[in-house]
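Step one of this worksheet: look at the structure below.
A quick note: this is a predicted structure, and the numbers were derived from the prediction, not measured. These values consider heavy atoms only, across backbone and side chains, with no hydrogens, waters or symmetry-generated copies.
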Amino acid sequence: QVQLVESGGGLVPPGGSLRPSCAASGRPLRRLAMAWFRQPPGKEREFVPGITWAGCATGVAESVKGGFTVSRASGKNEVYLQMNSLKPEDTALYYCAAGRAITSQQKEYDYWGQGTQVTVSS
């Protein structure tokens, strides 16, 4: 079992930045891939970026490429989502997920956090 806990969401004005984090615990994590998904109000949940636990490979959705970056802290069981130049359409509940490979397919992820709310508004 893997437990995932997100934090660091909040209210930010358009053009601002946030860096939510995801703390992982439980079974050995080194073979896992971690990903962020988001679910805007009234819409489907969608893949954002992902990273292998070793941090040597990443994937990012076209819709956020250039603005969002995923990283993992060396020596810590935490994954971060650096979000810059935020727009109102980035408002969503952001989830952390763990699985065996980076993919945009939600069904391939075995573990999910509870989500952290990000609201972009003036």
Side-chain angles (χ1 to χ4, degrees):
Q1 285 289 335
V2 174
Q3 292 78 44
L4 304 173
V5 178
E6 302 95 335
S7 62
L11 174 64
V12 62
S17 299
L18 273 178
R19 195 182 77 150
S21 61
C22 173
S25 61
R27 55 173 276 193
L29 304 170
R30 62 184 181 275
R31 295 183 183 276
L32 294 179
M34 307 293 292
W36 288 91
F37 285 78
R38 66 182 181 183
Q39 187 165 17
K43 296 186 179 181
E44 298 288 319
R45 191 156 55 183
E46 62 182 4
F47 172 78
V48 186
I51 188 169
T52 57
W53 192 254
C56 58
T58 61
V60 61
E62 285 294 327
S63 60
V64 299
K65 192 170 285 186
F68 290 15
T69 305
V70 62
S71 63
R72 189 181 75 82
S74 177
K76 291 186 177 181
N77 293 338
E78 291 185 355
V79 176
Y80 307 101
L81 178 62
Q82 179 66 48
M83 304 189 293
N84 299 325
S85 302
L86 285 163
K87 306 170 187 175
E89 51 264 40
D90 294 316
T91 294
L93 189 59
Y94 283 72
Y95 295 92
C96 177
R100 284 160 288 181
I102 300 172
T103 171
S104 62
Q105 301 301 308
Q106 299 179 52
K107 63 183 180 180
E108 299 298 326
Y109 292 88
D110 300 315
Y111 307 100
W112 292 83
Q114 81 289 350
T116 184
Q117 179 66 39
V118 172
T119 302
V120 184
S121 175
S122 55

Handout entry: Evaluation steps, side chain to side chain contact (heavy atoms under 4.5 Å, CB included), between Q106 and Y95
Key = CA-CA 11 Å; Q106 299 179 52; Y95 295 92; over 6 Å; no
Practice task
Flag the pair P40 / E89 as yes when at least one side-chain heavy-atom distance between them is below 4.5 Å, and no otherwise.
Solution key: no
Handout entry: Heavy-atom pair with the smallest gap, counting every atom of E78 and A23
Key = CG-CA, 4.1 Å
Problem - Heavy-atom side-chain contact between R72 and M34 under 4.5 Å - result: no
Handout entry: Contact summary for G50 and V70, nearest pair of heavy atoms
Key = O-CG1, 3.4 Å
Practice task
Report yes if the side chains of W36 and V79 come closer than 4.5 Å at any heavy-atom pair, otherwise no.
Solution key: yes
Practice task
Answer yes if the side chains of S7 and T116 hold a donor-acceptor pair under 3.5 Å, and no otherwise.
Solution key: no
Practice task
Would you check if V118 and M83 make a side-chain contact, meaning some heavy-atom pair closer than 4.5 Å?
Solution key: yes
Practice task
Can you see which heavy atom on R100 is nearest to which on D110, and at what distance?
Solution key: NE-OD2, 4.0 Å
Exercise for the section: Using the test side chain to side chain contact (heavy atoms under 4.5 Å, CB included), find all partners of S121 that sit at least two apart in sequence or belong to another chain. Expected result: L11, T119
Problem - Geometric class of the F68/Y94 ring pair [parallel <30°, tilted 30-60°, perpendicular >60°] - result: tilted
Fill in the blank from the handout: Sequence neighbours excluded, the answer for salt bridge (Lys or Arg N to Asp or Glu O under 4.0 Å) partners of E46 is R38
Practice task
Considering non-hydrogen atoms only, spot the tightest contact between Q117 and A92 and give its length.
Solution key: NE2-O, 3.4 Å
Practice task
Indicate if V2 and Y80 have the same hydrophobic cluster label, given that clusters are the connected sets of ILVMFWY residues with side-chain heavy-atom separations under 4.5 angstrom.
Solution key: no
Problem - E6 (side chain) donor-acceptor with G115 (main chain) under 3.5 angstrom - result: yes
Fill in the blank from the handout: Minimal heavy-atom distance between P14 and S122, with the atoms involved, is CD-N, 3.7 Å
Handout entry: Nearest atoms (heavy-atom pairs only) where L86 meets L18
Key = CD1-N, 3.9 Å
Problem - Aromatic plane relationship, F37 with Y109 - under 30° parallel, 30 to 60° tilted, over 60° perpendicular - result: perpendicular
Practice task
May I ask you to check whether over 12 heavy atoms, not counting those of Q114, lie within 6.0 Å of atom CD?
Solution key: yes
